[in-house]
Amino acid sequence: MKNYFALSFFLLFLFTGNVKGQKVDYQIVPLPKEIKEGTTGNTPFVLMQSTRIVYPKHNKQMQRNAEFLSEYVKDVTGYGLKIGTRKIKSPAISLTLGLQSSNPEAYSINISEAGIQIQGASEAGVFYGIQALRKSMPIGKYAQIEFPSVEINDYPEFGYRGALLDISRHFFTKEEVKEYIDMMALHNMNRFHWHLTDDQGWRIEIKKYPELTSIGSQRKESQNGYYENHERVLKFDGIPHGGFFTQDDIKEVVAYAAERYITIIPEIDLPGHMVSALASYPELGCTGGPYNVWTHWGISEDVLCAGNEKTYQFLTDVFDEIMELFPSTYIHIGGDECPKTRWAQCPKCQAKIKAEGIKSDDKHTKEEYLQSYVMKYMSDYLSEHGRKIIGWDEILEGEAAPGATIMSWRGEAGGIEAARLGHDVIMVPNNYLYLDYYQSKDYESEPYYAIGGYNPVDKIYNYNPLPASLNETEKAHIIGVQANLWTEYIKDFKQVEYMILPRWGAVAEIQWTGGAKDYPAFLKRLDKFVKLYQAKGYTYAKHAFQ
């Protein structure tokens, strides 16, 4: 009998982990702006199976927030907390609106023995308060969890907190894209830049142009490995690659992201990076083809013909359907890496240059100004429909369309120039925020190929997206920060996870926390944060902890 009771106690201890309970830790990633422990009393709030989550009546978003919190608590602790709108006498977790703040994503958390109150300036603010609570909790089965009394006041440093996923070079499924969105929510990101088309594959159904997917979404093989000694000696895997999202798929993913307060910004890259479209409709190119969906990486000289009126009809038709699918104010139209070789030789393009009175000057060629004409045409069209364009920093080569937001990727120079010209800027410098770069200088020890470069966690964490060369007025044009994941060398979703984690932790600190840097303190918080990665089964790199 004694052995029976001893075994029973041991099993109870094994299940609960600590029968005396476990305290939460408010030192999370990203770090909140203000944490004041002990200000609401000396007695902690104790979370138990009977704790209830309460949200306002007749608010579907807040109901979903409550459901998220219940799901997160169950994931972390195993507790199945019930939700409801009716106030109860026993301590509860209350989700409320009404926080007075100029920042719509601000939240506060007040914890005392009487309960937990998460208050937001909006439903999104409450959601980020929920994320903070989720990340503060210990992971495991405990008899009870103690929340020391605290007041947390928090808001994001930047309104645009983005992450890009390229599904053209390698296709990822709907469920994998949803997982990417869930990881974004965990890191307090709110803009999903979805790179949907490129030379190597067209990944979105356009009903008016069905061959974009029947032809343009398929390539016969892919480049395998790097160029040799920087020479164009290519090797291929011999494996056909393809896939695309139907419009119903797109709607489902847009709705999924919106529930998590993430806006999807679609990118249809133009006028370059369009070989998959030219393979589908060769009349849109300067030479008339034939073209094949590209099987290797790099920059193609075959681009949309800027002198062909069919090109402009094609673009407006495509973006009509894009606008139907994506409610985002911003639409990304690319503008990067567009060689002008074909335009310089194309009679139609030269006739267009002459008809529009476009001329070269000491700054740019007439072909570069022709690209500005194309980009402005699309900017004007989208503006007529209440949308705004984002373009890569090459759109500054000529005359950037008024009101265009610039995504500065070739370092910071484009962003600095754009801010001085009065354009809004999203900082995505490749030397800090391209996550297809290696995380170690010892490339041979890495489990996966990368495109090159070196971006470790500490380098990303210490990046300041507000250049010292800008004055305060110009700095106000830096509206956001984004991390980009290009997938030339990323073939499966486990590699996606490995490339972004835990580097997204450092990105989240730039995007949300800002302020002074303390890398050793951040690393301690990150070490705790990765336990959530482990609980979710994510693959992540461990260089920062070695």
Over 12 non-hydrogen atoms of neighbours within 6.0 angstrom of CD in E211: yes
Carboxylate-amine/guanidinium contact K310 E283, below 4.0 Å: no
Check: E176 main-chain N/O paired with T173 side-chain donor or acceptor under 3.5 Å: yes
Selection residues 418-430 - residue pairs positive for side-chain hydrogen bond (donor to acceptor under 3.5 Å, both in side chains), sequence neighbours left out: D424-H477, N430-Y437
Return a table of donor-acceptor pairs under 3.5 angstrom between the side chains of residues 534-541 and protein atoms on other chains or two or more places apart.
from, atom 1, to, atom 2, distance (Å)
Q534, NE2, Y540, OH, 2.8
Y538, OH, E179, OE2, 2.9

Carboxylate-amine/guanidinium contact E252 K178, below 4.0 Å: yes
Euclidean distance, D248 CG relative to E205 CD, rounded to 0.5 Å: 7.5 Å
Residues E397, R410: salt bridge by 4.0 Å N-O rule: yes
R161/E105 salt bridge by N-O under 4.0 Å criterion: yes
Main-chain N/O of W504 paired to H187 side chain as donor or acceptor, under 3.5 Å: no
Within 6.0 Å of NZ in K388, more than 12 heavy atoms from elsewhere: no
R342 side chain vs T287 backbone, donor-acceptor pair below 3.5 Å: no
Ring geometry between W194 and F326 (parallel below 30°, tilted from 30 to 60°, perpendicular above 60°): perpendicular
Within 6.0 Å of NZ in K475, more than 12 heavy atoms from elsewhere: yes
Salt bridge E446-K441, side-chain N to carboxylate O under 4.0 Å: no
Value rounded to 0.5 Å, distance of OH in Y180 from CD1 in I262: 10.5 Å
Donor-acceptor pair, side chain of K135 and main chain of L532, under 3.5 angstrom: no
Side chain R203, main chain S217, donor-acceptor under 3.5 Å: yes
Partner of I268 under side-chain contact (heavy atoms from CB on, under 4.5 Å), chosen from I204, I333, L315: I204
Ring geometry between H195 and W486 (parallel below 30°, tilted from 30 to 60°, perpendicular above 60°): perpendicular
Any donor-acceptor N/O pair, Q350 side chain to W343 backbone, under 3.5 Å: yes
D237 side chain vs N224 backbone, donor-acceptor pair below 3.5 Å: no
Validation row: W294, L278 side chains within 4.5 angstrom (heavy atoms): no
E399 atom CD: more than 12 heavy-atom contacts under 6.0 Å: no
